[in-house]
Student: 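Would you mind keeping the following structure in view while I ask a few things?
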Protein chains: 2
Amino acid sequence: MSTPADPGARLGTELSDAVVMFHEALGALMGLSAADNKALGVIRREGPMSARELADRTGLTAGAVTGLVDRLEHAGYARRTRHETDRRRLVIEATAPASPQVNEAAGEMAQAMARVTEQFSPDELLVVARWVELTTATMREQAVRTAARTT
Amino acid sequence: MSTPADPGARLGTELSDAVVMFHEALGALMGLSAADNKALGVIRREGPMSARELADRTGLTAGAVTGLVDRLEHAGYARRTRHETDRRRLVIEATAPASPQVNEAAGEMAQAMARVTEQFSPDELLVVARWVELTTATMREQAVRTAARTT
DNA sequence: CTGAATGATTTAGTGAACTAAACCATATCG
DNA sequence: CGATATGGTTTAGTTCACTAAATCATTCAG
């Protein structure tokens, strides 16, 4: 089935779990529910957008998005602005993580990952980078396909 | 700051996002809320446990765990048994994913990852495996440290 | 300029999952 | 054996984010 050197199988379980756990822990530290955290991810990933757009992305109704953005804004992770030309629209954008605690945690994580990187030669890092890239694309595609099945 | 060959930085954002997205999509396909999915993860990861133990792990009260296990059991992802010697206690254990849809999605993911693996030599796979292992350990540790900050 | 359309908010009501506490069943201790 | 502790369930009440629909503001089309 899977050899000890098959990272694909491992990713499926352990790394994936660890990533999810860290993500959840960071979300909790930020004081965000899983749903709010997910929405923030959408804004961060896709850049500033209107409330309607965010509603479509998250599958929420317009009314729910108002509350969602209220919470994100109040917690300091997002900002509401009016659209320059169309003043009915909002521009919802993510702001830098405010809390020092969150910055510290993120910084610590970055350092820890740097220590991992340190242990590989430049050539090896190229290999790993290639794998990470392919895997990311695969996970994304599978996420979309899997989501499509739910309908 | 981070070179194109620094997988650590990439993991922090893109792969991590993709992993979380897939995890969420799979959870949705399984008909589980994020919280229930997380609890199921605990049972899968740590093996059979009593309701009290699960309550401690998830931070829920005893009453809430009853409902939680009800849902998991009803959806076919967990099973309640009585403890052999102490018949007050439950033994809550995860069962194999029942729904054909979930199996299909999991299978498709496994195949997709196999196609990624295919593109690397055995030597390269060893490098990747080493990186995955170190990264997993790091993420786990950081998840725990981050969770501790929340308190 | 008026009327219809669009974007966001507000309001009222609903549902899901939670807590706290009362409640059974079983186990353990004196 | 009786009293007390422990594990899980049940119940009553609360909280919170959601939807649907009414509302306000702005834009666009005729």
Side-chain angles (χ1 to χ4, degrees), chain A residues 24 27-28 30-43 46-95 147 150-151, chain B residues 24 27-43 46-94 147 150-151:
Chain A
E24 276 168 0
M30 294 170 78
L32 295 179
S33 74
D36 287 6
N37 199 6
K38 181 180 168 180
L40 181 56
V42 170
I43 304 170
E46 313 195 9
M49 62 181 68
S50 73
R52 171 115 305 278
E53 235 172 315
L54 185 55
D56 291 341
R57 291 287 180 188
T58 54
L60 296 175
T61 58
V65 166
T66 297
L68 165 67
V69 178
D70 281 349
R71 292 190 297 275
L72 290 181
E73 193 169 38
H74 187 259
Y77 299 115
R79 186 171 39 192
R80 265 187 179 92
T81 332
R82 283 283 157 192
H83 192 278
E84 286 220 352
T85 64
D86 184 345
R87 296 226 316 272
R88 291 169 304 180
R89 281 188 216 177
L90 286 183
V91 176
I92 303 164
E93 46 189 342
T95 57
T150 300
T151 313
Chain B
E24 276 167 0
L29 184 61
M30 294 171 77
L32 296 179
S33 74
D36 286 7
N37 199 7
K38 182 178 169 182
L40 181 55
V42 170
I43 305 171
E46 312 195 9
M49 62 182 65
S50 73
R52 172 116 302 279
E53 236 173 314
L54 185 55
D56 291 341
R57 291 289 180 186
T58 54
L60 296 174
T61 57
V65 167
T66 297
L68 165 66
V69 178
D70 281 349
R71 293 191 295 276
L72 290 181
E73 194 169 39
H74 186 258
Y77 298 116
R79 185 172 37 192
R80 264 187 180 94
T81 331
R82 282 284 156 190
H83 193 278
E84 285 219 353
T85 64
D86 185 343
R87 296 228 315 271
R88 291 170 306 182
R89 280 189 216 178
L90 286 184
V91 177
I92 303 165
E93 47 190 341
T150 299
T151 312

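Atoms considered below: every heavy atom in the structure, side chains included; atoms not considered: hydrogens, waters and symmetry mates.
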Student: Apply side chain to side chain donor-acceptor pair (under 3.5 Å) to B:Arg82 and list each qualifying residue two or more places apart in sequence or on a separate chain.
Tutor: none
Student: Please list, by residue number, the residues of residues 31-42 of chain B whose heavy atoms come closer than 4.0 Å to an atom of DNA chain D; answer none if no residue qualifies.
Tutor: none
Student: Check salt bridge (charged side-chain N to carboxylate O under 4.0 Å, His left out) between B:Asp86 and all other residues, then give those that pass, not counting sequence neighbours.
Tutor: B:Arg88, B:Arg89
Student: Could you report the tightest heavy-atom contact between A:Ala78 and A:Thr95, atom names first, then the distance?
Tutor: N-OG1, 3.6 Å
Student: Looking only at heavy atoms, which two atoms of A:Ala51 and A:Leu90 are closest? And how far apart?
Tutor: CB-CD1, 4.3 Å
Student: List in numerical order all residues of residues 62-79 of chain B for which some heavy atom is under 4.0 Å away from an atom belonging to DNA chain D.
Tutor: B:Ala62, B:Gly63, B:Thr66
Student: Which is the 5'-most and which the 3'-most nucleotide of DNA chain D that has an atom under 4.0 Å from a heavy atom of chain A?
Tutor: D:dA17 to D:dT27
Student: Can you tell me the distance, in whole Å, between the CZ atom of A:Arg52 and the P atom of C:dT9?
Tutor: 12 Å
Student: Which pair of heavy atoms, one from A:Gly27 and one from A:Asn37, lies closest together, and at what distance?
Tutor: CA-ND2, 3.4 Å
Student: Could you list, one pair per line, each protein nitrogen or oxygen that sits under 3.5 Å from a nitrogen or oxygen of nucleotides 2-4 of chain C, together with the distance?
Tutor:
none

Student: Identify, with sequence neighbours excluded, every residue that meets salt bridge (charged side-chain N to carboxylate O under 4.0 Å, His left out) alongside A:Arg79.
Tutor: A:Glu93
Student: Under the side chain to side chain donor-acceptor pair (under 3.5 Å) definition, can you give me all pairs with a residue in residues 56-67 of chain A, not counting sequence neighbours?
Tutor: A:Glu46-A:Arg57, A:Arg52-A:Asp56
Student: Looking at residues at least two apart in the chain, or sitting in another chain, which of them share a side-chain contact (heavy atoms from CB on, under 4.5 Å) with B:Ala94?
Tutor: B:Leu40, B:Ile43, B:Arg44
Student: Report yes if the side chains of B:Asp70 and B:Arg80 come closer than 4.5 Å at any heavy-atom pair, otherwise no.
Tutor: yes
Student: Apply side-chain contact (heavy atoms from CB on, under 4.5 Å) to A:Ala147 and list each qualifying residue two or more places apart in sequence or on a separate chain.
Tutor: B:Ala25
Student: Return the minimal non-hydrogen interatomic distance between B:Leu54 and B:Ala39, and the atom names on each side.
Tutor: CD1-O, 4.3 Å
Student: Could you pull out all residues at least two apart from B:Asp36 that satisfy side-chain contact (heavy atoms from CB on, under 4.5 Å)?
Tutor: B:Leu32, B:Ser33, B:Leu68, B:Arg71, B:Leu72
Student: Give me the residues of residues 83-92 of chain B where at least one heavy atom lies under 4.0 Å from an atom of DNA chain C, by number, or none.
Tutor: B:Thr85, B:Asp86, B:Arg87, B:Arg88
